[in-house]
Amino acid sequence: MEAVKVEGFGPDSEVEDLGRCVDEISTTVSRLEQRVNDVEQFYLTTDNMELTITKSASAFKEKVKEKQLTGLEKQQQEASQREAAALKRMQELMRQFATILRQITQHKWAHPFMHPVDVEGLGLHDYYEIVQKPMDFGTIKSKMEAKDGTGYKNVREIYSDVRLVFKNAMKYNDERHDVHIMAKTLLEKFEEKWLQLLPKVAEEEKRQVEEEAKAELDVKLAQEAVHANMAKELSNELCDVDLQLEKLRQIVIQKCRKMSTEEKKKLGTALTRLSPEDLGKALEIVAENNPGFQPTAQEVDLDIDAQSELTLWRLKVFVQDKLKLAGKCSEAVVCNNINNNENTIKSNSKRRREISDALTKNAIKRNRKLSPNS
């Protein structure tokens, strides 16, 4: 059986081979496009430290995970070490604070503040109206010793509650009341001792802020490094696709048979039948393989004989498609006009019949009036 020929091309098997090449390249381009979108999405959402990858890019996601694994494990290990060291330093500060608190609670005037205020027993009916957040040293001690996660996270939290114990007493009791005077005196002593510890507390807080910022920056830089490498790999793969496309283009050029003089003449004639918009697109096809050609110039001189075979065949396919589409549109317009004309003819015929009937009736009436028997 003789091999099927495609116009301007070789045997059917060659066309199928080229078709498969085009399909493979298209699949590769679609995959790369998705990966490019993922990388772009990462850089568009750099404020979000969580990596955003679409579900359809699972292969890409796994690749990113593999590249991040070593770096993230190292960062997690370093973060754990920093947290352990910071916890140890904070525990030391709390131990020093506990010494200060013990000195205050051992003072002879501290007994009114060791337990919650007995509001009912003392008949202090307006206490909760004045004191919004009651506090005492017994509650503070229990919270400092808590192991269930409800305890104090840092020294400043304990410091605030100790001050609250004395501030509540001073707020509820008149300044001449013994409890007010005792609370004010102990608060002054406490503040003096706190000022001695404060520089260490401030230094630790500053250190923690710096370490957290550094850890956050390290994560961000690690993610950016991964995506920078991915972008580089994508660039290389896209270059490979460009090379494949160029090779395919050269194969197509070699396989294209030369267009005959008669075919070129018909092509030139067909170009003049294109709409202005389609003609502009056709000229852009010419410009793709002819850098010196200016498709948007006021006057364009297109030499059909000077064009490459690939350009000629591309033009022919383009022109055939556009003229075929335009032909369908023209047929639709013609059919529509025919239908309109038929409707007009029918309408006119009907109108003529109505006029004829009316004239006949009038003639009959006149004849009757002129008749001698009337």
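In this structure, a donor-acceptor pair under 3.5 Å is absent between the side chains of Ser160 and Glu157. Side-chain atoms of Tyr159 and Glu191 form a donor-acceptor pair, as typed in the model, at a separation below 3.5 Å. Using a 3.5 Å distance cut-off with no hydrogens or angles, the side chains of Gln196 and Glu192 do not pair a donor with an acceptor. Looking only at atom types and distance, the side chain of Thr311 has a donor-acceptor partner in the side chain of Ser308 under 3.5 Å away.
Side-chain contact check for Lys141 versus Leu101: every heavy-atom pair is 4.5 Å or farther apart. Side-chain contact between Val162 and Phe97: present, with at least one pair of heavy atoms (C-beta onward) separated by less than 4.5 Å. Put simply, the side chain of Asp136 does not reach to within 4.5 Å of the side chain of Val117, judged on heavy atoms.
A continuous path of hydrophobic side-chain contacts links Leu186 to Ile158 [ILVMFWY only; heavy atoms under 4.5 Å]. Linking ILVMFWY side-chain heavy atoms closer than 4.5 Å, directly or via other members, places Leu243 and Val241 in two distinct hydrophobic clusters. In the hydrophobic cluster analysis, where Ile, Leu, Val, Met, Phe, Trp and Tyr join through side-chain heavy atoms closer than 4.5 angstrom, Val131 is grouped together with Leu122. By the criterion of side-chain heavy atoms lying less than 4.5 angstrom apart, applied directly or through intervening Ile, Leu, Val, Met, Phe, Trp or Tyr residues, Trp194 is grouped together with Trp109 in one hydrophobic cluster. Hydrophobic clustering (ILVMFWY, side-chain heavy atoms < 4.5 Å, transitive): Tyr127 and Met182 are in distinct clusters.
Within the model, atoms CZ of Phe190 and CZ of Arg163 stand 8.0 Å from one another, a figure rounded to the nearest 0.5 Å. To the nearest 0.5 Å, atom OG1 of residue Thr272 and atom CG of residue Leu279 are 9.0 Å apart. For the atom pair CD1 (Ile140) and CE (Met135), the distance works out to 6.0 Å, reported to the nearest 0.5 Å. Atom CD1 of Ile104 sits about 10.0 Å away from atom CD of Gln106, to the nearest 0.5 Å. The distance from atom CG of Leu325 to atom CG of Asp321, rounded to the nearest 0.5 Å, is 8.5 Å. Once rounded to the nearest 0.5 Å, the distance linking CD of Glu237 with CG of Asp242 reads 12.0 Å.
Considering every non-hydrogen atom in both Met114 and Phe137, the closest pair reads SD-CD1, 3.8 Å. Looking at every heavy atom in both residues, Gln307 comes nearest to Leu302 through NE2-CD1, 3.8 Å. Taking every heavy atom of both residues into account, Met259 and Lys264 meet most closely at O-CE, 3.5 Å. The minimum heavy-atom distance between Pro134 and Asn168, with the atom names listed, is CA-ND2, 3.7 Å. Listed here is the closest heavy atom pair of Leu312 and Leu267: O-CD2, 3.8 Å. Heavy-atom minimum distance, Met94 versus Tyr152: CE-O, 3.6 Å.
The pair Glu212-Arg82 does not meet the salt-bridge criterion, since no charged nitrogen lies less than 4.0 angstrom from a carboxylate oxygen. Between Glu211 and Arg207 there is a salt bridge, since at least one side-chain N of the basic residue sits less than 4.0 Å from a carboxylate O of the acidic one. For the pair Glu175 and Lys184, the salt-bridge criterion is not met [side-chain N within less than 4.0 Å of a carboxylate O].
For the side chain to side chain donor-acceptor pair (under 3.5 Å) with Glu204, the qualifying choice from Lys200, Gln208, Lys206 is Gln208, the only one to do so. The only member of Leu198, Thr99, Ile100 that meets side-chain contact (heavy atoms from CB on, under 4.5 Å) when paired with Lys193 is Ile100.
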Original post:
Do Leu271 and Ile304 pass the side chain to side chain contact (heavy atoms under 4.5 Å, CB included) test, and can you show the C-alpha distance, the side-chain angles, and the key distance before you say yes or no?
Top reply: CA-CA 11 Å; Leu271 285 169; Ile304 292 292; 4.0 Å; yes

**OP:** Report the C-alpha separation of Gln320 and Lys324 in whole Å, then their side-chain angles, then the decisive distance to 0.1 Å, and conclude whether the side chain to side chain contact (heavy atoms under 4.5 Å, CB included) test is met.
**Re:** CA-CA 6 Å; Gln320 285 177 339; Lys324 184 177 181 181; over 6 Å; no

**OP:** Begin with the C-alpha distance, continue with both residues' side-chain angles, and end with the deciding distance and a verdict on side chain to side chain contact (heavy atoms under 4.5 Å, CB included) for Val319 and Arg273.
**Re:** CA-CA 9 Å; Val319 171; Arg273 294 166 54 196; over 6 Å; no

**OP:** Could you please spell out the steps behind the side-chain hydrogen bond (donor to acceptor under 3.5 Å, both in side chains) verdict for Ser260 and Glu263?
**Re:** CA-CA 5 Å; Ser260 67; Glu263 287 175 317; 3.2 Å; yes

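Counting non-hydrogen atoms of other residues, nucleotides and ligands closer than 6.0 Å to NZ of Lys153 gives a total above 12. In this structure, Lys143 places its NZ atom where more than 12 heavy-atom neighbours from other residues, nucleotides or ligands lie under 6.0 Å away. Summarising the local packing, NE2 of His107 is surrounded by more than 12 heavy atoms from other residues, nucleotides or ligands at distances under 6.0 Å. Under a cut-off of 6.0 angstrom, the local environment of CD in Glu92 is crowded, with over 12 non-hydrogen atoms contributed by other residues, nucleotides or ligands.
Formation of a donor-acceptor pair under 3.5 Å by the Thr150 side chain with backbone atoms of Ala146 is not found in this model. Counting only distance, with no hydrogens or angles, the side chain of Asp278 and the backbone of Leu274 share no donor-acceptor pair below 3.5 Å. Of the possible donor and acceptor atoms, one in the side chain of Lys171 sits under 3.5 Å from a partner among the backbone N and O of Ile130. Here the side chain of Asp126 pairs no donor or acceptor atom with the backbone of Glu129 at under 3.5 angstrom.
By the side-chain hydrogen bond (donor to acceptor under 3.5 Å, both in side chains) test, Glu288 pairs with Arg314, sequence neighbours left out.
For Phe166 and Phe113, the ring centers sit closer than 6.0 Å to each other.
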